[in-house]
Amino acid sequence: MTTRPFAPRSPSLIIAPLAALAGLLSVASPAAAQSPKIEDVCVQVAKHLLMTETVHTGVVQAFPDLKPPGARMTYSTREGTEPKDMVDTISCEFRNTAAPFDLQRFCLSSTCYAADERNNENRRRFEEVRILLQRQGL
């Protein structure tokens with residue numbers, strides 16, 4: 001039996017199967033491919049206004065089929081708060097049900113924020129939150 005010297009394979013014979021494998025591995029899972037829902041964006045509104053990284057939600061209601069589409073929920077910024085004990089509320093209204101959502105108005109408890117708000121401070125807070133959402137592509 002004769003031995004043949006090792007001959008390197010053609011690069012295309014190695015690269016093609018690796019590229020196919022990489023393509024299979026890079027297919028996004030359904031969860032990763034989903035865009036944010038209206039209620040998720042409303043949580044972002046609360047985080048931006050309250051300047052906090054964590055907002056725990058209790059009862060969440062979404063209304064993507066209404067005009068304007070929106071969501072409302074109870075929330076807390078405190079760790080360990082049970083959903084039944086959450087009494088703070090936020091409601092959000094958007095122009096669209098997908099990105100860009102185009103925030104139109106939001107209310108925390110009884111204070112509302114919108115572009116046409118008469119109160120300068122509330123109008124300013126609305127614009128700040130709207131800009132932060134735009135920066136996120138929301």
Side-chain angles (χ1 to χ4, degrees):
M1 182 160 144
T2 61
T3 59
R4 295 182 4 205
F6 174 75
R9 294 183 181 217
S10 164
S12 63
L13 293 175
I14 296 171
I15 294 173
L18 289 177
L21 180 60
L24 288 173
L25 294 176
S26 68
V27 173
S29 69
Q34 290 179 354
S35 59
K37 298 176 187 174
I38 286 177
E39 54 269 33
D40 300 329
V41 181
C42 196
V43 170
Q44 286 298 316
V45 169
K47 286 181 178 183
H48 290 318
L49 184 72
L50 300 171
M51 297 176 61
T52 184
E53 291 293 322
T54 306
V55 171
H56 305 282
T57 57
V59 177
V60 177
Q61 299 173 329
F63 306 99
D65 47 336
L66 291 180
K67 297 295 178 210
R72 65 182 179 177
M73 62 195 69
T74 59
Y75 73 92
S76 177
T77 56
R78 294 185 315 270
E79 290 291 329
T81 305
E82 293 291 324
K84 65 181 175 58
D85 297 327
M86 296 180 187
V87 295
D88 294 319
T89 60
I90 182 169
S91 63
C92 304
E93 295 176 1
F94 303 94
R95 180 166 297 171
N96 306 310
T97 57
F101 288 89
D102 194 10
L103 180 66
Q104 298 295 294
R105 179 177 191 247
F106 64 92
C107 301
L108 260 69
S109 299
S110 61
T111 304
C112 293
Y113 305 81
D116 61 355
E117 174 63 45
R118 289 183 188 167
N119 180 301
N120 289 333
E121 281 297 311
N122 291 356
R123 185 173 55 245
R124 169 73 185 217
R125 295 293 91 74
F126 172 81
E127 291 298 331
E128 291 169 353
V129 170
R130 187 182 59 78
I131 288 168
L132 292 169
L133 290 175
Q134 286 176 344
R135 288 178 186 167
Q136 291 180 282
L138 300 174

Which residue pairs pass the disulfide bond (SG atoms under 2.5 Å apart) test when at least one of the two sits in residues 68-106, sequence neighbours left out? Cys42-Cys92
According to disulfide bond (SG atoms under 2.5 Å apart), does anything in residues 109-138 pair up with another residue at least two apart or in another chain? List the pairs. Cys107-Cys112
Nearest heavy-atom pair of Gly137 and Ala99: which atoms, and what distance? O-CB, 3.4 Å
If you round to the nearest 0.5 Å, how far is CD of Glu117 from CD of Glu127? 11.5 Å
Is there side-chain contact between Glu79 and His56, with heavy atoms separated by less than 4.5 Å? yes
NZ of Lys47 to OG1 of Thr77, rounded to nearest 0.5 Å, is 12.0 Å
Quick one: do Met73 and Val43 satisfy side-chain contact (heavy atoms from CB on, under 4.5 Å)? Show the steps, please. CA-CA 9 Å; Met73 62 195 69; Val43 170; 3.5 Å; yes
Donor-acceptor check, side chain of Thr74 to backbone of Val59, threshold 3.5 angstrom: yes or no? yes
According to a hydrophobic-cluster definition based on side-chain heavy atoms being under 4.5 Å apart (Ile, Leu, Val, Met, Phe, Trp, Tyr only), do Val55 and Met86 belong together? no
Which other residues belong to the hydrophobic cluster containing Leu66, where Ile, Leu, Val, Met, Phe, Trp and Tyr are joined when side-chain heavy atoms lie under 4.5 Å apart, directly or via other members? Phe63
Does a donor on one side chain and an acceptor on the other come within less than 3.5 Å for Arg123 and Asn120? yes
Check: Arg72 side chain, Gln61 main-chain N or O, donor-acceptor pair, under 3.5 Å: no
Where is the tightest heavy-atom contact between Pro64 and Pro69, given as atom of each residue plus distance? O-CB, 3.6 Å
Do Leu103 and Phe126 have side-chain heavy atoms sitting under 4.5 Å apart? yes
Rounded to the nearest 0.5 Å, what separates atom CG in Leu49 from atom CD1 in Ile90? 7.0 Å
What's the separation between atom CD in Glu93 and atom CD in Gln104, rounded to the nearest 0.5 Å? 8.0 Å
To the nearest 0.5 Å, what is the distance between OG1 on Thr57 and OH on Tyr75? 12.0 Å
Min side-chain heavy-atom separation Gln44-Leu132 under 4.5 Å: no
Close side-chain approach of Arg135 and Ile131, heavy atoms under 4.5 Å: yes
Residues Arg124 and Glu121 bridged, charged N to O under 4.0 Å: no
side-chain contact (heavy atoms from CB on, under 4.5 Å) assessment of Ile38 paired with Phe94: CA-CA 8 Å; Ile38 286 177; Phe94 303 94; 3.6 Å; yes
Should Phe106 and Val129 be marked as a side-chain contact (heavy atoms from CB on, under 4.5 Å) after you check the CA-CA gap, both sets of side-chain angles, and the distance that decides it? CA-CA 10 Å; Phe106 64 92; Val129 170; 3.9 Å; yes
Do the non-hydrogen side-chain atoms of Leu108 and Asp88 ever get within less than 4.5 Å of each other? no
